[in-house]
Protein chains: 2
Amino acid sequence: MTIRDARRAAGPGAGPEFVGEFGWALTVLLREWRSRVEAVVGDLPHGSRGYQVLAAVVREEPPTQASLAQRLCIDRSVMTYLIDRYVECGLVERQQDPADRRARRIVPTERGRRTLDELDARVREVERELLGSVPEADRLVLRRLLRQAADAVSHDAKAPQPTDGMGRG
Amino acid sequence: MTIRDARRAAGPGAGPEFVGEFGWALTVLLREWRSRVEAVVGDLPHGSRGYQVLAAVVREEPPTQASLAQRLCIDRSVMTYLIDRYVECGLVERQQDPADRRARRIVPTERGRRTLDELDARVREVERELLGSVPEADRLVLRRLLRQAADAVSHDAKAPQPTDGMGRG
DNA sequence: TATTGTTATACTCTATAACTATA
DNA sequence: TATAGTTATAGAGTATAACAATA
């Protein structure tokens, strides 16, 4: 079944979609993603969040703690503890940012890179299993749309929201 | 841009997708969904989760506390407090299940139904804004695929998992 | 004056276990 | 023996505020 078929079949009224379903689906999937990732990362400190931090550190331009915290929706005070632990384990290092002496750039150690490589293989498999019910061809679509939405939200969060008069009733 | 176009444009290598991105996108979107829903539900107890409970109570066959807890990924002990509060507020009632005297069926009051109607309108708007970056035609696709994945995961969770030898390192 | 990172504290959420009443 | 619901408690996660260093 192609996406077009699916969309046509779903049509208006054909799918019992309801308000709030979006939030429910996110809740269920994220919970399961965390649970399964935590089951395969072994003794990696801070479980699935630790994996996300390590992945961000390896893949991005050496991020500051603040940018990591913002990107991963983790409070900066929590980020301090988390990085402390990862430095202890020899997975990352703190380096002074030459351009801003307040900031610390978090860079992976060689061991950190190798660890992430191993974890990536396991997480890739986890994500494959998690989307097992979605036809192969549609998975990329789902991932892309999800990412598109998340990117926009993540960027919006960096800019202060204009007041829109939506009070809390 | 249609889904087919998007898929073609994304092609292999065209999109910088990475392992774990799926979890990241879920994290960002769910956090924002909760935050925005909480901003519009006013003084509804238990915020966005309270909304999800009320929605489930109104839309499903009167659920038991246990089925609610399982469906919404909330611990049954937490569900007790949450329902207590909603009974206090006159939004739902506990009714004995005639077929199983251990179970309580949670049914909405008239006020509960009216409250949900109002909240639904606001949440619908929240979800529309949250997916503002996704073209109108693609939103339904995203919702459908997300739901498909979540449904499967949710059902799997009900059946005990067979051991698959995936130890924790 | 604002921001980065640190530290301490308080609060919320979550998980766990014990208990009862039913099945 | 297992399940639904309740209650109490401990633990993890989270938010908040104060502070020093720097911009």
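Side chains are part of it too, since the values below use all heavy atoms of this structure and drop only hydrogens, waters and symmetry mates. Each chain gets a letter, A, B and so on, in the order the sequences are listed, and its residues count up from 1.
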For [N] and [X] - does any side-chain N or O of the residue sit under 4.0 Å from the phosphate oxygens OP1/OP2?
{"X": "Arg49(B)", "N": "dT14(C)", "answer": "yes"}
{"X": "Arg34(A)", "N": "dG13(D)", "answer": "no"}
{"X": "Arg94(A)", "N": "dT6(C)", "answer": "yes"}
{"X": "Thr80(A)", "N": "dT6(C)", "answer": "yes"}
{"X": "Arg31(B)", "N": "dA15(D)", "answer": "yes"}

Decide yes or no on side-chain contact (heavy atoms from CB on, under 4.5 Å) for Thr27(A) and Leu72(B), but give the supporting numbers first.
-> CA-CA 8 Å; Thr27(A) 303; Leu72(B) 299 178; over 6 Å; no
Atom [atom1] of [X] and atom [atom2] of [N]: how far apart are they, to the nearest Å?
{"X": "Met79(A)", "N": "dG5(C)", "atom1": "CE", "atom2": "C1'", "result": "12 Å"}
{"X": "Arg76(A)", "N": "dA20(D)", "atom1": "CZ", "atom2": "P", "result": "15 Å"}
{"X": "Leu30(A)", "N": "dC13(C)", "atom1": "CG", "atom2": "P", "result": "17 Å"}
{"X": "Gln70(B)", "N": "dA15(C)", "atom1": "CD", "atom2": "P", "result": "14 Å"}
{"X": "Leu82(A)", "N": "dA15(D)", "atom1": "CG", "atom2": "P", "result": "14 Å"}
{"X": "Asp100(A)", "N": "dA21(D)", "atom1": "CG", "atom2": "P", "result": "16 Å"}
{"X": "Arg85(B)", "N": "dC13(C)", "atom1": "CZ", "atom2": "P", "result": "12 Å"}
{"X": "Gln96(B)", "N": "dG5(D)", "atom1": "CD", "atom2": "P", "result": "10 Å"}

Minimum-distance pair of heavy atoms, taken over all atoms of [X] and [Y]:
{"X": "Thr64(B)", "Y": "Ala103(B)", "result": "CG2-CB, 3.9 Å"}
{"X": "Arg34(A)", "Y": "Ser48(A)", "result": "CG-OG, 3.6 Å"}
{"X": "Pro45(B)", "Y": "Arg85(B)", "result": "CB-CG, 3.7 Å"}

Pick out which of Arg147(A), His155(A), Gln148(A) makes a side chain to side chain donor-acceptor pair (under 3.5 Å) with Asp151(A).
->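 So the option named by the test is Arg147(A).
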So if I take every side-chain heavy atom of [X] and compare against [options], which nucleotide ends up nearest?
{"X": "Gln65(A)", "options": "dG5(D), dT4(C), dT6(C)", "value": "dT6(C)"}
{"X": "Arg102(A)", "options": "dA21(D), dT14(C), dG5(C)", "value": "dA21(D)"}
{"X": "Arg101(B)", "options": "dT6(C), dA15(C), dA23(C)", "value": "dA23(C)"}
{"X": "Val78(B)", "options": "dT14(C), dG5(D), dT22(D)", "value": "dT14(C)"}

Can you check whether any acceptor in the base of [N] is under 3.5 Å from a donor in the side chain of [X], or vice versa?
{"X": "Tyr81(A)", "N": "dA12(D)", "answer": "no"}
{"X": "Ser77(B)", "N": "dT16(C)", "answer": "yes"}
{"X": "Arg104(A)", "N": "dG5(C)", "answer": "no"}

When you match Cys73(B) and Asp84(A) each to their closest nucleotide on DNA chain C, which lands nearer the 5' end?
->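 Between the two, 5'-proximity favours Asp84(A).
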Could you tell me whether Asp97(A) contacts a base, only the sugar-phosphate backbone, or nothing, with contacts defined as non-hydrogen atoms closer than 4.0 Å?
->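 Nothing, no heavy atom under 4.0 Å.
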Which pairs count as salt bridge (charged side-chain N to carboxylate O under 4.0 Å, His left out) when at least one residue sits in residues 49-73 of chain A, sequence neighbours excluded?
->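 The answer is Arg59(A)-Asp120(A), Glu60(A)-Arg71(A).
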Pick the nucleotide of DNA chain D nearest each of Ala99(A) and Asp75(A); which residue has the one closer to the 5' end?
->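 Nearer the 5' end of the strand: Asp75(A).
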